[in-house]
Amino acid sequence: MFLRRVLMYDFSKVEEKWQQYYSENHPFEVDLEDAQKPFYNLMMFPYPSASGLHIGNMYSFIGADVYGRFMRLKGYDVFEPIGFDAFGIHSENYALRVGRHPAELTPESIEYFREKQLKKIGAIYDWRSEVITSSPEYYKWTQWIFVKLFNAGLAEKRLSRVNWCPNCKTVLADEQVIEGKCERCDYSVTKKETSQWFFKITKYAERLLKNLEELDWTEITKSIQRSWIGKSSGATIKFAVENSSLELDVFTTRPDTIYGVTYLVVAPEFGGLDSIVKKDRVDEFRAFTQDVEKMDIATRTSIKREKRGIFTGSYARHPLTGERLEVWVADYVLAEYGTGAVMAVPAHDERDYDFARKYGLPIRKVIECEDSELPYTGYGKMINSGEHTGTQSEYFIDHVDEIHSSMKKAVTYHLHDWCVSRQRYWGPPIPVIYCPKCGTVPVPEEQLPVLLPETDDYIPDGSGKSPLARNEEFLHTACPECGGNAERETDVNDNFLDSAWYFLRYISPKNENVPFDQELAKKWLPVDMYIGGNEHANLHLMYARFITMALHDMGYLEFEEPFESFRGHGLIVNEGQKMSKSKGNMINPISYFKTHGVDCLRTYLMFMGSFLEGGDFRDSGMDAVRRFLNRVWEVANYPEGKSSDNLKAKMAWVIERVDYAVKNIKYNTGVAALMEFVNDAAKEEHIEKELVLDLARLVSLFAPFLAEEIHSLKGGRGTILDSGFPSGYEEYAKAGSIEIPVQINGRIRGKIEAERGISEEEIMKLVKEADKLSNYLAEGKIRKVVFVKDKILNIVVS
RNA sequence: GCCGGGGUGGCGGAAUUGGCAGACGCUACGGACUUAAAAUCCGUUGGGACGAGGGUCUCGUGUGGGUUCAACUCCCAUCCCCGGCACCA
């Protein structure tokens, strides 16, 4: 045993040196026009709302950057931009909380994020492409997109019962309501009827769903999108209402239970209800609907809550049997879904069953089952179904179009139109003008941007109107068409619109004439790899896809899907515990920059678990990675001299492992392979320069600064990423002997050392010569030999 | 309830997709160095049995079955955890 001198490297000095090198020499700027092998590597830009990037941001960015570095090392022109999602309710709420004006606070936050954090982490950003969504140069084009959507008939202002957060004092999209609570502040959301701008994303529901099949996205992300779109197939069935011109359309996924309908139910908010409520019941009906209205969404949609309803006094006719059916109003039917009315089949639907039992409504079995199974919701043989008795459910559903003129196949989606207006200050004003003569007029392109006024009067008042409505100077304007007095729309756009197209702006962030250069778009888009958290899998990705599709249909983009590949990564926990401010167990990345260094934090974040599934952060793991990096440095400083063939074979193996690990986003296994190599290399007395360089190249994905230092120590110039992905060890990988495990009757009984590529006959000969193994063979007759070349030998003996 | 992902040592996690389960790392223990500690280095570390010892045998990837020469991996059943959706008709 020989004692090795301890060689520690001064990470803070090394890191400072290369951070400075990166910021002075811009080695990662890409010539977008001339690049030969374009690769667009995208990560989710942060919103500069809090006191700095948190460890989750860091995790996400570094995971994406490792991929970008890998592609760069492979010789691609990797475009890795970054920016700031600086508008929106999170930034605004943060500003309100600390009592500063968002226009004043946001630039400060950005400055801090950029200079103190993002520029330190060793990412290969091209800072020339930075976009800030709150800058007029950017939101001019956000407004431009609004106008384009408006002109294409995809934006519409309509009266709607929308989600209202009494705390944030704004409307929320359905997507921002989580279990009846506001996504931002956790306050119980209520419904409020107001006039709002909507984007007609539902027009794209089928395409958004269908295209998922072709996308190279993590499965979990696709599944989240699918369930959000929520397609369901069935039929609409028309019921005529007695003594009324009203026809009730219901949507059902189970038209095969049509003979089991014993009453109809409509939602309390259903339009035209007044006409069917019998006069003697009007008061009772009013009281009931008002009561329902008052419920917050969490209560309304709670499954456990007992269903309530009242009979309207009207009857409808069953389209097939002519039977009279009571029409009820009940709080368990939602106006927003399907047609807002349902046919109740208590025997075969749990909700209808509960309701029918409570109010003594008839229950009629029409699908064969035991009485004890009611409500039976499975498919089966139709019974008590007139001429269709004996038909199978599935067959009836398939042929529903042929049964009766009142029944038609239909599809509904859970996806709702995207409510984009926000009654807040900190966002891009919606570029629309209301003229008493000309009506709703979009602001002409040449008048964009509609600047957000600089004002101290920006705090929301809960009136349901944006603070901008109080700004007389902003409010009053001239109609672009007739020049007469007109008023501006005072709501601002949802923050998700800002981020729905930022990846397009990155390729031409300074272009004043177009939102994005179409030639560059052809060359660089769609995005080759997008890595980010699954917490944005629903909203952000869906909206970005929608906007891209719409721009495609208008002829601005050749493709309709913005992100060819997407990888959603997991979350970090701290020592097995979820991080939260209230628990006080937040991990502060900056403090680790100081104690362990950026390289160490990067490498550890990638090593602590499977990136796609998230990981458990532990200080002891940080120390382990610091040891590893020190060993890399130590090995790099070994005297130069011939290395063993074994070590070169190991290098061949590591190269393959790292290649596989990065392509499959299994970074932890890549780091593990590098550790193995370093453990082996440390056992030798000296090392060849080329091996040191190749080690550094692979290490540079995770620990860039240390790698750059080693590269320059060994005489390299520029950034190590330009020196190419390691190769050239193939012959060592092929040479040498390997151990082949030998199984006898499925159990490992020994190992045979043999040349690579050995044949079955040869290895059997060696097995028979080996005492121990031949003893096992002697116990019986060889029935079968299974030999997988270079892998395993299994002999069946009986 | 439906849909997705998962369950592997004391712990974080590997196993390139049917081919040596537990790579790599942590922790713990033992040792070297040290006046001492830290740091560093070396060794041991899934359970059980046998052996003075090199070792040998055996059980083992939530649970119960199955397919196969061979199963963490595939099939059937079942339990649990995480995530998404959910009075969605």
Rounded [atom1] spacing from [N] to [M] in Å:
{"N": "rC20(B)", "M": "rA70(B)", "atom1": "P", "result": "14 Å"}
{"N": "rG9(B)", "M": "rU27(B)", "atom1": "C1'", "result": "12 Å"}
{"N": "rC88(B)", "M": "rA77(B)", "atom1": "P", "result": "26 Å"}
{"N": "rC75(B)", "M": "rG43(B)", "atom1": "P", "result": "42 Å"}
{"N": "rC82(B)", "M": "rG18(B)", "atom1": "C1'", "result": "28 Å"}
{"N": "rU61(B)", "M": "rG65(B)", "atom1": "P", "result": "12 Å"}
{"N": "rC33(B)", "M": "rA39(B)", "atom1": "C1'", "result": "11 Å"}
{"N": "rG22(B)", "M": "rA28(B)", "atom1": "P", "result": "24 Å"}

When you measure from the side-chain N and O atoms of [X] to the phosphate of [N], is any distance below 4.0 Å, counting only OP1 and OP2?
{"X": "H414(A)", "N": "rC85(B)", "value": "no"}
{"X": "R747(A)", "N": "rA21(B)", "value": "no"}
{"X": "T669(A)", "N": "rU16(B)", "value": "no"}
{"X": "N538(A)", "N": "rC85(B)", "value": "yes"}
{"X": "Y667(A)", "N": "rG13(B)", "value": "no"}
{"X": "S232(A)", "N": "rA89(B)", "value": "yes"}
{"X": "K231(A)", "N": "rC88(B)", "value": "no"}
{"X": "N745(A)", "N": "rC69(B)", "value": "no"}

Heavy atoms under 4.0 Å, any strand shown: does [X] hit a base, just sugar-phosphate, or nothing?
{"X": "K789(A)", "answer": "nothing"}
{"X": "K222(A)", "answer": "nothing"}
{"X": "S610(A)", "answer": "sugar-phosphate"}
{"X": "R749(A)", "answer": "sugar-phosphate"}
{"X": "V333(A)", "answer": "base"}
{"X": "I220(A)", "answer": "sugar-phosphate"}
{"X": "E676(A)", "answer": "sugar-phosphate"}

### Summary
Per nearest nucleotide of RNA chain B, the residue lying toward the 5' end, Y332(A) or Y776(A), is Y776(A)
### Task
Find which nucleotide of RNA chain B each of R308(A) and S227(A) is nearest to by heavy atoms, and output the residue with the more 5' nucleotide.
S227(A)
### Task
Identify whether the distance between the nearest side-chain nitrogen and carboxylate oxygen of D331(A) and R308(A) falls below 4.0 Å.
yes
### Task
Considering only NZ, NE, NH1 and NH2 on the basic side and carboxylate oxygens on the acidic side, decide whether D216(A) and K222(A) come within less than 4.0 Å.
no
Any idea which of [options] is nearest the [X] side chain?
{"X": "N679(A)", "options": "rA89(B), rG25(B), rG84(B)", "answer": "rG25(B)"}
{"X": "A624(A)", "options": "rC26(B), rA14(B), rG12(B)", "answer": "rC26(B)"}
{"X": "K666(A)", "options": "rC87(B), rA15(B), rC59(B)", "answer": "rA15(B)"}
{"X": "S223(A)", "options": "rA21(B), rG19(B), rG4(B)", "answer": "rG4(B)"}
{"X": "E219(A)", "options": "rC69(B), rG5(B), rA89(B)", "answer": "rG5(B)"}
{"X": "V786(A)", "options": "rA14(B), rG19(B), rC24(B)", "answer": "rG19(B)"}
{"X": "S620(A)", "options": "rG84(B), rC26(B), rU16(B)", "answer": "rC26(B)"}
{"X": "K578(A)", "options": "rA89(B), rG83(B), rC85(B)", "answer": "rG83(B)"}

Protein-nucleotide distance ([X], atom [atom1]; [N], atom [atom2]), rounded to Å:
{"X": "I224(A)", "N": "rG4(B)", "atom1": "CD1", "atom2": "P", "result": "13 Å"}
{"X": "L325(A)", "N": "rA89(B)", "atom1": "CG", "atom2": "P", "result": "21 Å"}
{"X": "I665(A)", "N": "rG13(B)", "atom1": "CD1", "atom2": "P", "result": "18 Å"}
{"X": "L612(A)", "N": "rG83(B)", "atom1": "CG", "atom2": "P", "result": "18 Å"}
{"X": "R783(A)", "N": "rC69(B)", "atom1": "CZ", "atom2": "P", "result": "14 Å"}
{"X": "D623(A)", "N": "rU27(B)", "atom1": "CG", "atom2": "C1'", "result": "13 Å"}
{"X": "F617(A)", "N": "rG12(B)", "atom1": "CZ", "atom2": "P", "result": "16 Å"}
{"X": "I572(A)", "N": "rG12(B)", "atom1": "CD1", "atom2": "C1'", "result": "13 Å"}

### Query
When you measure from the centre of the six-membered ring of F677(A), is the NZ or CZ of K650(A) under 6.0 Å away and within 45° of the axis?
no
Any strand is fair game: report the nucleotide pairing with [N] by Watson-Crick or G-U wobble, both distances under 3.5 Å, or none.
{"N": "rA14(B)", "answer": "none"}
{"N": "rA77(B)", "answer": "rU63(B)"}
{"N": "rG9(B)", "answer": "none"}
{"N": "rG19(B)", "answer": "rC69(B)"}
{"N": "rU40(B)", "answer": "rA32(B)"}

### Query
Residues two or more places apart in sequence or in another chain: which of them pass salt bridge (Lys or Arg N to Asp or Glu O under 4.0 Å) with R357(A)?
none
Return yes if the base of [N] and the side-chain atoms of [X] contain a donor-acceptor N/O pair under 3.5 Å, otherwise no.
{"X": "K307(A)", "N": "rC87(B)", "answer": "yes"}
{"X": "R627(A)", "N": "rU40(B)", "answer": "no"}
{"X": "K791(A)", "N": "rC20(B)", "answer": "no"}

### Message
Run the side chain to side chain donor-acceptor pair (under 3.5 Å) test against H414(A) and tell me which residues pass, sequence neighbours left out.
### Response
none
### Message
Expected output is a numbered-order residue list: members of residues 340-354 of chain A with a heavy atom under 4.0 Å from any atom of RNA chain B. What is it?
### Response
V342(A), R351(A)
### Task
Assess the side chains of S737(A) and E755(A): does a donor N or O sit below 3.5 Å from an acceptor N or O?
no
### Task
Could you walk me through whether V250(A) and V261(A) pass side-chain contact (heavy atoms from CB on, under 4.5 Å), step by step?
CA-CA 12 Å; V250(A) 304; V261(A) 179; over 6 Å; no
